[in-house]
Every structure is written in structure tokens, then in C-alpha cells.
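Below you'll find the structure, written out as C-alpha cells, and then a few comments.
Atoms considered below: every heavy atom in the structure, side chains included; atoms not considered: hydrogens, waters and symmetry mates.
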Amino acid sequence: MSRARQPPLVTGISPNEGAPWTKVTIRGENLGTGPNDLIGLSICGHNCLLTAEWMSASKIVCRVGPAKDDKGEIIVTTRSGGQGTSTVSFKLLKPERIGILDQSAVWLDELNYYDMRTDRNKGISPLSLRPANPLGIEIDKGNVPLKDLENMFPSMSGDFTSENFSATWYLIENHSSTSFEQLRAAVVNLKKQASKKNEGSLAYVKGGLSTFFEAQDALAAIHQKLESDGTEKVEGSMTQRLENVLNRASETADTLFQEVLGRKDKADSTRNALNVLQRFKFLFNLPLNIERNIQKGDYDVVINDYEKAKSLFGNTEVPVFKKVYSEVETRIEALRKLLLDKLLETPSTLHDQKRYIRYLSDLHAPGDPAWQCIVAQHKWILQLMQNCKEDLIKEQKGTHTLGGVSLELDRSSALNRISLSAPVKRGGSFQTPKDDSWHYKSPQQVRFVEKLSDVVISQLPNFWKLWISYVNGSLFSETGEKSGQVEKLKKNARQRQNDFKGMIEEVTRRLVQLVRGALLPSSLTEQQLRQYGGWDTKTPLSGAWLTQVIHTVRLSHEALSALEIPNDLLQVIQDLLQDLRVHCLLTTLQHTEEDVKRLAEKEDWVVDNEGITSLPAQFEQCMVQMLQSLKEPMECKPGEINVQIFTRHSSSADYMERNQFYVCLSFCSQIFNLDVVQDKEQRLLIILSNCQYLERHTFLSLAEHLEKNGFTTAEKIIRVSIEALRQLDEYLFETYIEKKSDPIVGSLEPGIYAGYFDWKDCLPPTGVRSYLKEALVSIISVHAEVFTVSKELVSRVLSKIIEAIAEEMSRLMQCVSSFSKNGALQARLEICALRDAIELYLTSESLASFKQALEALPQLQSGADKKLLEELLNKFKSSMKLQLNCFKPASFQPVKR
């Protein structure tokens with residue numbers, strides 16, 4: 001039994017580093033007794049026994065495999081010595097990437113090599129393993145858009161693998177912010193790569209020098225052996241036998257590898273096809289990508305891909321490319337139709353409209369999509385306006401319930417937003433209620449105008465902005481670039497200006513005609529009424545609601561003017577406003593007339609401390625409310641005509657004068673009703689007191705209100721009104737005086753001659769006779785009646801009655817043919833007693849009458865007669881002192897009844 005050998009010991013390796021499949025020489029001790037004794041060899045953990053060649057007990061040659069560890073020991077295992085150890089280590093270097101056509105001095109693992117190449121997750125191109133960064137410096141992507149680079153370098157590319165590679169493009173795209181020093185370093189790197197490539201085969205030989213030496217040694221040994229035998233050309237010689245052996249080996253190899261080589265050729269063909277697919281995968285995948293991006297709504301991506309494909313393959317003659325590109329065109333045509341359908345859909349936002357138009361422009365859609373959109377929007381606006389009318393007319397006729405919220409104006413509507421942002425003060429008694437039920441309480445015509453105005457204000461601005469974008473070309477290009485197509489579209493837009501102007505005119509005209517049909521049907525023809533009318537106009541709108549309509553239309557006009565729409569296109573709205581203002585003015589005045597006419601029905605005959613009823617205050621309130629309601633239509637906005645000088649209708653001053661006249665009629669109607677009441681004379685006094693208050697206070701207050709509200713004819717209105725009031729007052733006063741003075745005057749003559757009294761034959765006077773005292777009591781009764789109503793009327797009434805009494809006394813005295821001495825004294829006593837008792841209310845007319853009466857009497861001759869007259873007068877005044885106190889100035893107010 002042989003003695004056991006020592007374990008193998010590796011003491012050296014050459015070279016001590018290298019890439020996988022590098023040939024190395026291992027030296028050491030006890031490395032085996034022969035090839036069969038060597039049963040194991042590992043370097044860096046990889047089994048290298050398959051490539052090991054045992055040379056001697058101190059030398060082994062092998063190739064390093066693709067080990068996992070970067071550095072490790074060399075372990076030799078033999079049958080005789082077992083597993084050995086190592087005092088040295090081997091460093092495994094990462095292999096350089098080698099292209100398909102590059103030379104290599106070592107065997108490459110093709111399986112791993114192609115797996116690595118086809119790994120898509122690592123992003124390595126299958127065409128080559130060229131470095132992603134050829135300059136060898138840090139890439140600094142700039143902000144220059146790809147579209148701008150394509151315009152700057154037409155038909156060029158920034159891909160350094162492309163045939164149309166542009167170095168300037170590559171530098172701008174990847175190194176726009178790189179410093180000059182880094183660019184200089186990049187130049188050095190490029191020079192190194194070029195010099196390395198130029199070494200070519202020399203570098204390849206240097207890398208596999210040991211292999212060449214081995215091949216050279218083998219060839220030299222064969223050549224030496226052949227020369228020693230000298231049998232190169234002898235049949236059956238070793239050379240011949242070697243040739244036969246090699247031929248058989250070749251045939252056997254062909255037989256063995258025919259299938260493998262066939263698969264290799266097929267693999268090469270497949271690989272070439274994959275290379276083509278990979279190189280042109282953009283085109284082959286484009287139809288599917290277009291479908292996916294359309295479903296996601298990424299139209300920008302679709303358009304960019306289509307433009308790229310069109311520039312690359314639009315004129316291709318390759319059948320495969322033409323077929324795929326035709327499929328792309330089919331998908332793009334479907335996209336054009338889809339975008340056009342979306343563009344013409346209503347309702348849609350201005351942003352979406354611009355977006356779809358720009359897409360269609362980029363896709364070179366036939367026709368003019370922008371104009372098609374404008375036409376569709378125009379029809380949509382007109383349809384919305386017509387729907388407003390039809391919906392509210394149906395509701396007015398009862399086909400819609402009040403609970404239908406579809407007609408409720410949204411608080412966030414365009415009209416309300418404008419109202420809130422630019423509030424207009426509203427005068428008069430009209431105030432918009434704040435409760436939610438206001439829309440159901442308001443008339444249908446008012447709700448219609450508000451809803452119609454809201455449609456116009458919400459739709460027409462976007463319609464106008466779409467046109468402006470269409471004209472200036474911003475609709476087709478976000479960047480404002482002046483391409484031939486954009487200039488052509490702008491030229492088409494300028495040619496359509498008259499058509500668009502007609503559209504705006506039609507919208508404004510439709511707005512005006514619909515409003516006229518609802519509020520001013522008389523201003524339309526029969527044919528227009530059939531189209532725009534149909535409203536229930538049995539109950540006309542009040543001035544307050546018409547004021548609200550004017551406010552709404554004004555807001556609409558202001559909103560449209562803010563868009564800088566030419567004034568000639570909005571003139572029809574100005575004309576509508578003018579007619580509405582005049583109509584509101586006339587309607588308000590007519591309704592005020594009716595209210596004034598009905599004031600008599602509201603009279604309660606309750607007199608206050610000033611001697612008037614509530615009628616003057618009601619009249620003033622009615623007039624003030626009318627002026628407040630007229631504030632909105634009377635207000636003259638820029639561009640509007642003053643309705644006071646609008647001569648096509650009756651002037652407002654005429655109506656105001658008529659209102660004052662109807663006040664008189666109201667009081668007259670009270671008089672006509674006095675026959676059915678018992679205290680008609682007292683009511684006459686109340687009416688006179690009211691007239692006096694109207695003239696002295698109410699009309700003056702109304703004059704101030706008229707001037708404050710801009711009525712230029714306020715002075716004329718008040719003057720004419722006062723004249724009418726005075727005529728009524730005079731008539732009423734004469735009527736009352738006639739009723740009160742006639743009984744008193746009529747009782748004088750019978751009282752004087754009662755008991756067959758004769759001025760020629762009578763007894764000496766003993767005092768004032770009863771008839772005169774009765775007349776004074778009647779006058780006192782009138783005084784009390786007037787004073788109870790209004791103390792300001794006492795002097796006026798009593799003065800007039802006393803004038804009648806004085807005139808009658810003068811007539812009676814002048815009718816007496818002669819007086820006796822006692823008769824003359826009696827007559828003078830009674831005339832002086834009457835005159836002195838009512839001295840406070842004497843007028844020039846009554847004084848003249850008393851003077852004429854005294855002049856008709858004989859003069860007193862003796863002092864005794866004068867003394868007797870004075871005594872009798874004092875006796876009269878003393879006996880009737882209490883009664884005569886009422887004819888003295890009063891210091892207290894009348895008592896309210």
C-alpha cells in the first residue's frame with residue numbers, strides 16, 4: 001500500500017486577475033500524480049475542472065469561469081492528497097461588453113450574453129451595446145422643447161445611432177448647461193475611444209497573446225514531425241492519414257452541428273427581424289397606441305406621434321411600412337370625426353371648444369372646424385332663447401306645475417352675478433323680495449326676461465371670445481407661431497366677418513323681439529307676434545315689474561358692452577330700452593291715475609288737529625311712490641335718450657297734470673255723494689280744508705320731489721295743478737256759502753217787518769230786535785261748525801257770509817222810502833250792532849255795504865238820540881257778551897271730532 005501524499009498546495013497563479021474565460025497557469029506542490037488523479041479545481045468558487053489541463057505535479061493550466069465572487073482562492077483536489085489549500089488569490093474582473101462584430105480573445109457565454117441584451121427592463125438596445133453616454137460626462141437635459149429642435153434641424157436626429165445624427169442637436173438636448181471644462185474632458189474621452197478603436201487587431205492580439213503562442217507551438221510541432229518523417233506527399237503517409245482524419249472529423253462535425261447551425265441561421269433571421277421591429281417599433285405599435293391614447297383622452301400624444309410618423313413614413317415605398325401607415329391614417333381619420341363630433345356637441349365650454357379646434361387644426365382636418373363650431377353655437381343660443389319662451393308660456397297655460405324647478409333662476413346665474421357685482425339702486429315701492437318664492441310670485445313675463453337675459457349673458461360672451469380667437473389666430477396655435485395653415489385660417493376668418501356680424505345681429509334681434517312679444521306686443525307685426533308672442537296679456541304689468549324688467553335689460557346691455565361688441569350691433573337693445581322706459585313711464589302714470597281716482601273710496605272723514613283727513617297724505621304717498629317707481633326708467637344711462645323729451649308719446653307733464661285733475665275729480669265725487677249723507681255741509685268743509693292743505697303743503701312737497709327726481713317741468717306741473725285745485729275750491733266754497741248764507745239772508749227781511757213793523761210809524765227803540773239776534777246766532781252756529789273742522793277756514797267763510805248779510809241789509813235800507821225819527825234810530829241801532837258784533841270778519845265789501853246802509857238813514861240831530869243809541873248798543877253788547885265772544889280772536893285749538 002503506497003504512502004499517502006500531502007494535500008495540494010497552490011503557491012502561485014499567472015495572471016492573478018482577469019475576465020471570465022481567461023487562461024491561467026497554476027503552480028504549486030502536490031498537484032496530483034497525473035490527469036486522472038486531478039478530481040477538482042475551483043477558482044473564486046467556480047468549478048474549472050472541465051477546462052483544466054494537468055501538466056505536472058507543480059503546474060496546471062485552465063480557464064477561469066464566470067464566478068459569482070469577485071476575488072477568491074484557488075482550490076485543487078486530488079485523489080491522492082484530497083482537498084488542498086492556497087496561499088494566493090485570483091481577482092475576477094468584469095468583462096467588457098463586446099458587440100456582435102467585435103473580436104474577442106476569450107470564449108464568451110452566448111446564452112448569458114444574449115439574455116443580457118434582450119433584457120428590456122435594463123433598457124439596452126438590441127442593435128448594439130454602444131454606451132448611452134458617448135462623451136463620458138454627466139448628462140444635463142435642457143428645457144428646449146423637442147418640437148423646437150425638430151424645427152431647427154429638419155430631417156436630422158439627436159440619436160447618435162441614427163444615420164441623420166446631428167451633433168449640435170445632441171449637445172443642445174443633453175448638454176445645454178454643461179460647462180466648457182466638462183466639454184473639454186468629453187473631447188479627451190472621445191479621442192481615447194478613437195485611438196482604442198484604431199488599434200483594432202493589435203489590441204485583439206495583445207489580449208490573446210498566450211492563445212496565439214499555444215497555436216504557434218502546436219503548428220511548429222506538427223511541422224517538425226512531418227519533416228522528420230519526410231512523408232508529406234506519400235500515399236498512406238501520416239499526413240494523408242491526418243487529412244482523412246480531419247475530413248472525417250469535419251463531416252462528423254457537420255452532421256452533428258447541422259441542426260444546430262440551421263437553428264443558428266434561423267435565430268439570426270429572427271434576430272434580424274427583431275432588430276427591424278425594435279428599430280421601427282414606434283411605427284408598428286402606433287395603431288394600438290393611438291387607440292389606447294384616444295380612449296384615455298390623450299389627444300396631444302396621438303397628434304405628436306402622428307406628426308412624427310408622417311414625417312418619417314409619409315412618403316415611404318416599403319410595402320410593410322405603407323400598410324402599417326395606412327392603418328395609422330385610418331385611425332387618425334376616425335379621431336378627426338370623433339373630435340369634430342365633440343366640438344359640435346352642445347353645451348360645451350369655451351376651453352373645450354378651443355382645445356378641440358386646435359386638435360383638428362394640428363390633424364389637418366378638412367374644411368373649417370372653427371367656423372362649424374361658431375355656426376353650431378349660434379344655433380344653440382337661438383334654440384335656448386326660444387326654449388325659454390316656450391317653457392314659460394306652457395307654464396303660464398298650466399302645463400307646468402309651480403314645483404318645476406327647471407324654470408327657477410339659479411342664484412349663481414350670470415345675471416345675478418352681474419347684479420351682485422354692479423348693483424343698481426332701485427327706487428320706488430318696488431323691492432326684490434328675498435324669499436325663495438319670489439320667482440313664483442313674479443309675473444311670467446318678468447321671469448321670462450330674466451331667464452332670457454341670463455341665457456344671453458352666459459352664452460354670448462364665450463361666443464364672442466371664440467370669434468376673437470378665431471380672427472387673431474390664437475385658436476389654432478398656443479404659441480402664436482405663423483405657419484402657412486394658421487395664416488390661411490386667419491384669412492378665412494377675416495372673410496367671414498360679415499357672416500358673424502349677421503349672427504350677432506340675429507341674436508340681439510331675437511332677444512329684443514322675444515322681449516317685445518312678452519311686454520310690447522303692439523310694437524310687432526302680426527307675423528312677428530305669431531312667432532314671438534303668445535303671452536297672456538289680459539293683466540298688464542305694473543310699473544314696478546316693468547322697472548325690474550328695465551333693470552334686467554340694462555344689465556344685459558352693460559354686460560355685452562363690456563365685451564367691446566360694436567355699438568351698432570347693440571343699438572336694437574338701446575331702442576328696446578327706450579321703448580320699455582316710455583312704456584313703464586306711461587303705465588306707471590296710468591296706474592297712478594287709477595289709484596288717484598279711487599282715493600275717494602278710501603275717505604274715512606276723520607279729521608285730525610290740522611283740520612284735514614288722511615286723503616291728502618294718501619295722495620302724496622301715491623305720488624311719491626310713483627316718482628320712486630319712475631326713478632329707474634327716468635334715469636338716463638350713457639347712450640340713452642331722456643324720456644322727458646321723447647315726443648312720440650304724451651309727455652309725463654301732461655300725465656302729472658291729469659293726476660292733479662283727478663284729485664279734483666276725487667273730491668268732486670265726494671260732493672256728488674253728499675246727497676245721501678246727513679252731514680253733507682260739514683263734509684264740504686272737510687273737503688275745503690283738504691284742498692287748502694293740498695295747495696299750501698302737499699303740492700309744495702311734491703314740487704321738491706319732482707325736482708329731486710329730475711322732472712324739468714316741475715314748476716309747470718305744480719302751477720297747473722294749483723289752478724285746477726283752486727277752481728275746485730272755489731266751486732266748493734261757493735256751494736257751502738250758498739247753503740249757509742241763503743237761510744240767514746232770507747230771514748232778514750221777514751224778521752225786520754214781523755208784526756207789521758213800519759219804519760215811518762214805530763215806537764222809540766228799546767233795544768235790538770229778535771231777528772238780528774237770530775241772525776247772529778245763525779252766524780255763530782256757522783262759526784262753530786267751521787271752527788270745529790278748521791279754524792283757518794273761519795275767517796274766509798264768515799267774511800263771505802257777512803258780505804252777503806251786509807249787502808242784504810244795505811238793499812233793505814235803500815228800499816225804504818222814508819224813516820220816522822224813531823224808525824231811523826232803530827235802523828241805525830240794528831245796523832251798528834250787527835257791524836260791531838262781527839267787526840273781526842269785516843271786509844272792504846262788507847264795510848262798503850254797511851256804509852251804504854247807514855247813508856240811506858237820516859242823520860241823528862240831537863245829542864240825546866246819540867246818547868240813547870250808545871246806551872242801547874252797550875246794553876246789546878252786554879246782554880249778548882257770551883255769544884259775541886266767539887267773534888273775538890281764539891287762543892285755543894279746535895277739538896277733534
Side-chain angles (χ1 to χ4, degrees), residues 605 611 667-692 726-755 757 768-816 827 830-854 856 880 883-884 886-887:
W605 302 107
F667 291 155
C668 289
S669 66
Q670 295 175 328
I671 299 172
F672 299 149
N673 294 329
L674 294 181
D675 295 334
V676 298
V677 296
Q678 296 180 355
D679 53 349
K680 58 183 179 181
E681 295 174 358
Q682 184 183 21
R683 294 193 175 185
L684 273 176
L685 282 175
I686 293 175
I687 297 173
L688 284 171
S689 179
N690 285 342
C691 290
Q692 182 175 270
R726 284 176 178 173
Q727 293 177 5
L728 172 64
D729 177 84
E730 189 66 26
Y731 169 75
L732 297 176
F733 183 73
E734 293 294 338
T735 302
Y736 182 77
I737 294 301
E738 183 180 351
K739 287 182 177 292
K740 290 298 181 182
S741 63
D742 285 355
I744 299 175
V745 171
S747 66
L748 290 177
E749 186 173 3
I752 290 175
Y753 296 105
F757 180 80
V768 176
R769 288 184 293 171
S770 299
Y771 82 91
L772 189 60
K773 293 180 181 180
E774 291 176 356
L776 286 173
V777 171
S778 298
I779 295 173
I780 292 172
S781 175
V782 174
H783 179 282
E785 184 178 71
V786 176
F787 191 86
T788 302
V789 175
S790 173
K791 68 175 183 177
E792 296 180 357
L793 287 174
V794 171
S795 176
R796 182 185 177 193
V797 172
L798 292 186
S799 297
K800 200 67 176 179
I801 292 176
I802 289 170
E803 286 180 2
I805 293 174
E807 182 181 359
E808 180 67 13
M809 291 294 292
S810 174
R811 185 186 69 80
L812 290 174
M813 293 300 104
Q814 291 176 2
C815 291
V816 178
E830 292 175 350
I831 292 174
C832 289
L834 177 60
R835 185 192 64 187
D836 293 345
I838 57 177
E839 182 179 7
L840 184 63
Y841 303 106
L842 292 176
T843 62
S844 58
E845 289 81 1
S846 58
L847 285 173
S849 297
F850 279 123
K851 182 178 179 182
Q852 290 176 1
L854 291 175
M880 294 193 68
Q883 290 82 354
L884 297 180
C886 68
F887 297 126

**OP:** Could you tell me which non-hydrogen atom of R769 sits nearest to which non-hydrogen atom of I752, and how far apart they are?
**Re:** NH1-O, 2.7 Å
**OP:** Using atom types as modelled and distance alone, determine if a side-chain donor or acceptor of S781 lies under 3.5 Å from a backbone N or O of V777.
**Re:** no
Original post:
Can you tell me how far the CD atom of E792 sits from the CG atom of L688, to the nearest 0.5 Å?
Top reply: 12.5 Å
**OP:** Examine distances only and state if a side-chain atom of S799 and a backbone atom of Y841 form a donor-acceptor pair shorter than 3.5 Å.
**Re:** yes
Subject >> Point-to-point distance, once rounded to the nearest 0.5 Å, from CG of L776 to CD of E774 >> reply: 10.5 Å
Original post:
Does the ring of Y736 carry R683 above it, NZ/CZ under 6.0 angstrom from centre and within 45° of its axis?
Top reply: no
Subject >> Heavy-atom check, side chain of I805 versus side chain of S741, under 4.5 Å >> reply: no
Subject >> Qualifying residues under side chain to side chain contact (heavy atoms under 4.5 Å, CB included), relative to E807, sequence neighbours excluded >> reply: S849
**OP:** Answer whether the closest heavy-atom distance between the side chains of R796 and K800 falls below 4.5 Å.
**Re:** no
**OP:** Applying side chain to side chain contact (heavy atoms under 4.5 Å, CB included), run through H783 and V794 and close with a yes or a no.
**Re:** CA-CA 6 Å; H783 179 282; V794 171; 3.2 Å; yes
**OP:** List for me each residue that meets side chain to side chain contact (heavy atoms under 4.5 Å, CB included) alongside E749, sequence neighbours excluded, and say none if there are none.
**Re:** Y753, E808, R811, L812
Original post:
How about L834 and F850: do any of their side-chain heavy atoms sit closer than 4.5 Å?
Top reply: yes
Original post:
About how many Å separate CG of L854 and CD1 of I831, when rounded to the nearest 0.5 Å?
Top reply: 5.0 Å
Subject >> Separation between CD1 of I838 and CD1 of I802, rounded to the nearest 0.5 Å >> reply: 3.5 Å
Subject >> Pairing residues for A827 by the side chain to side chain contact (heavy atoms under 4.5 Å, CB included) criterion, not counting sequence neighbours >> reply: W759, M813, F819, L857
Subject >> Least distance between heavy atoms, L748 atom then A775 atom >> reply: CD2-CB, 4.0 Å
Original post:
Can you name the residues that form a side chain to side chain donor-acceptor pair (under 3.5 Å) with T843, not counting sequence neighbours?
Top reply: E803, E845, S846
**OP:** State the CD1-CG distance between I780 and L798, to the nearest 0.5 angstrom.
**Re:** 10.0 Å
Original post:
With Q814, which residues qualify under side chain to side chain donor-acceptor pair (under 3.5 Å), at least two apart?
Top reply: S810
Original post:
Sequence neighbours excluded, which residues qualify as side chain to side chain contact (heavy atoms under 4.5 Å, CB included) partners of S778?
Top reply: I744
Original post:
So how far is it from L793 CG to F787 CZ, rounded to the nearest 0.5 Å?
Top reply: 11.5 Å
